[in-house]
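Structure record follows, encoded as structure tokens.
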Amino acid sequence: MTDYEAFLQGKKHLAGNFGFDPIWIPDGTFDFQRHIVEWAIRKGRAAIFADTGLGKTLLQLIIAENIIRKTNGRVLILTPLAVAFQFIKEAQRIGVGDIAYCKDGKLTTKIVVTNYERLRHFNSEDYEAVILDESSILKNNEGEIKTQVTNFMRKVKYRFLSTATPSPNDFVELGTSSEALGYMGYTDMLSRYFTNNKDTISPAGIGVEWVLKGHARDDFWRWVASWSMSVRKPSDIGFDDTKYILPNLHVRGH
């Protein structure tokens with residue numbers, strides 16, 4: 001490789017690996033789920049953008065258990081309050097027992113589940129990993145929770161995001177997700193891959209509309225794919241859809 005080729009490679013900003021080879025995957029995990037979780041654990045800092053019903057809760061618990069077995073440290077799972085106890089139930093199903101919901105920051109288990117609004121009670125130095133469930137909460141670039149979560153995660157080695165609805169209408173969430181994982185910052189992403197109708201470098205402005213540069217399209221999605229995996233159905237990543245093909249919907253008015 002020439003010096004110039006090395007220079008070009010260095011400008012790609014593709015995400016490297018920060019993780020390790022998986023240690024434990026429970027019986028009954030589907031083939032496509034195993035593929036996703038093995039990739040995420042090896043990355044060490046990754047986003048799983050998987051559609052509803054593909055088992056994101058299971059995947060996050062497998063990641064958490066692997067972190068514990070590797071480091072003997074603690075893992076914090078942040079989630080909306082309405083689904084916090086779903087993690088406890090799913091953990092019991094797959095044999096992960098050292099887990100509990102916590103609302104005051106007092107640590108009694110290796111896997112700690114809490115809701116976003118209680119993050120202020122916790123110390124990032126207590127955790128080897130942070131996992132964000134429903135990570136679309138990061139979408140609001142000016143939001144208090146987004147800022148709090150991103151600052152909290154900066155000091156943590158292993159970081160994971162999970163949501164079924166990344167960036168449905170714009171690209172803001174991809175930038176804030178990358179920043180939370182420790183990759184390219186949101187503003188840097190905009191200036192590198194986007195242009196806007198106001199000729200400004202300010203990401204948040206009234207009437208500012210950001211558009212992906214035509215010549216940067218392939219590089220942008222290559223960069224996103226270096227730290228995230230997007231899956232609507234198993235065949236998106238080369239697996240069988242048979243168990244995920246829903247029957248036809250019949251609507252009968254009466």
How far apart are the closest heavy atoms of [X] and [Y], and which atoms are they?
X	Y	result
Phe122	Cys102	CZ-O, 3.7 Å
Val37	Leu59	CG2-O, 3.8 Å
Ser177	Phe49	OG-CZ, 4.4 Å
Thr165	Glu173	O-OE1, 3.5 Å
Asp188	Ser191	O-OG, 3.0 Å
Lys106	Asp104	N-OD1, 3.1 Å

Is there a donor-acceptor contact under 3.5 Å from the side chain of [X] to the main chain of [Y]?
X	Y	answer
Thr176	Leu138	yes
Asn66	Ile23	yes
Lys146	Ile137	no
Thr71	Ile67	yes

May I ask you to decide if the ring planes of Phe18 and Tyr183 are parallel, tilted or perpendicular, using 30° and 60° as cut-offs?
->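 Ring orientation of Phe18 relative to Tyr183: tilted.
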
Hey, what's the ring geometry for Phe239 with His35, parallel, tilted or perpendicular (30° and 60° as the breaks)?
->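 Phe239 and His35: tilted rings.
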
Under the criterion side chain to side chain contact (heavy atoms under 4.5 Å, CB included), which of Leu119, Val113, Asn123, Val156 is the partner of Leu76?
->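 Filter result, single survivor: Leu119.
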
Apply the test side-chain contact (heavy atoms from CB on, under 4.5 Å) to residues Tyr193 and Trp210: give CA-CA distance (whole Å), side-chain angles for both, the deciding distance (0.1 Å), then the verdict.
-> CA-CA 10 Å; Tyr193 297 112; Trp210 291 90; over 6 Å; no

Is a donor from one side chain sitting under 3.5 angstrom from an acceptor on the other, for [X] and [Y]?
X	Y	value
Gln60	Asp133	yes
Tyr244	Asp51	no
Ser136	Thr163	yes
Gln86	Thr57	yes

Apply side-chain contact (heavy atoms from CB on, under 4.5 Å) to the pair Met229 and Val231, showing each step before the final yes or no.
-> CA-CA 7 Å; Met229 185 179 294; Val231 186; 3.8 Å; yes

With the threshold set at 4.0 Å, does a side-chain nitrogen-carboxylate oxygen contact exist between Lys233 and Asp236?
->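 Salt bridge flag = yes for Asp236 with Lys233.
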
Supply the atom-to-atom distance Lys70 NZ to Glu128 CD, rounded to the nearest 0.5 angstrom.
->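 Answer for the NZ-CD pair, Lys70 versus Glu128, is 11.5 Å.
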
Among Thr79, Thr114, Asn115, find the residue that satisfies the side chain to side chain donor-acceptor pair (under 3.5 Å) test when tested with Tyr101.
->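 Only one of Thr79, Thr114, Asn115 forms a side chain to side chain donor-acceptor pair (under 3.5 Å) with Tyr101, namely Asn115.
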
Asp241, Thr242, Asp240 screened by side chain to side chain donor-acceptor pair (under 3.5 Å) with Ser235, the one that passes |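 The side chain to side chain donor-acceptor pair (under 3.5 Å) with Ser235 is passed solely by Asp241 among Asp241, Thr242, Asp240.
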
Considering residues, nucleotides and ligands other than Arg74, do more than 12 of their heavy atoms fall under 6.0 Å from its CZ?
->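 Yes, CZ of Arg74 has more than 12 neighbouring heavy atoms, counting only those of other groups under 6.0 Å.
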
More than 12 non-hydrogen atoms from neighbouring residues, nucleotides or ligands closer than 6.0 Å to NZ on Lys155, yes or no?
->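 Open: at most 12 neighbouring heavy atoms sit under 6.0 Å from NZ of Lys155.
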
Close aromatic pair by centroid cut-off 6.0 Å: Phe220 and Phe194 =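 That pair passes the under 6.0 Å test.
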
Is there a chain of hydrophobic side chains (I, L, V, M, F, W, Y, each step under 4.5 Å between heavy atoms) that links Val83 to Leu161?
->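 Shared cluster, no.
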
Check whether Ile48 and Val149 end up in the same hydrophobic cluster, where Ile, Leu, Val, Met, Phe, Trp and Tyr are linked by side-chain heavy atoms less than 4.5 Å apart.
->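 No, Ile48 does not connect to Val149 through the hydrophobic network.
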
Please report the C-alpha distance between Tyr186 and Phe171 in whole Å, then the side-chain angles of each, then the deciding distance to 0.1 Å, and finally whether the ring-ring contact (aromatic ring centres under 6.0 Å, His included) criterion is met.
-> CA-CA 10 Å; Tyr186 167 64; Phe171 299 104; over 10 Å; no

Criterion salt bridge (Lys or Arg N to Asp or Glu O under 4.0 Å) against Glu179, the qualifying member of Arg159, Arg154, Lys139 |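 Single pass found, and it is Arg154.
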
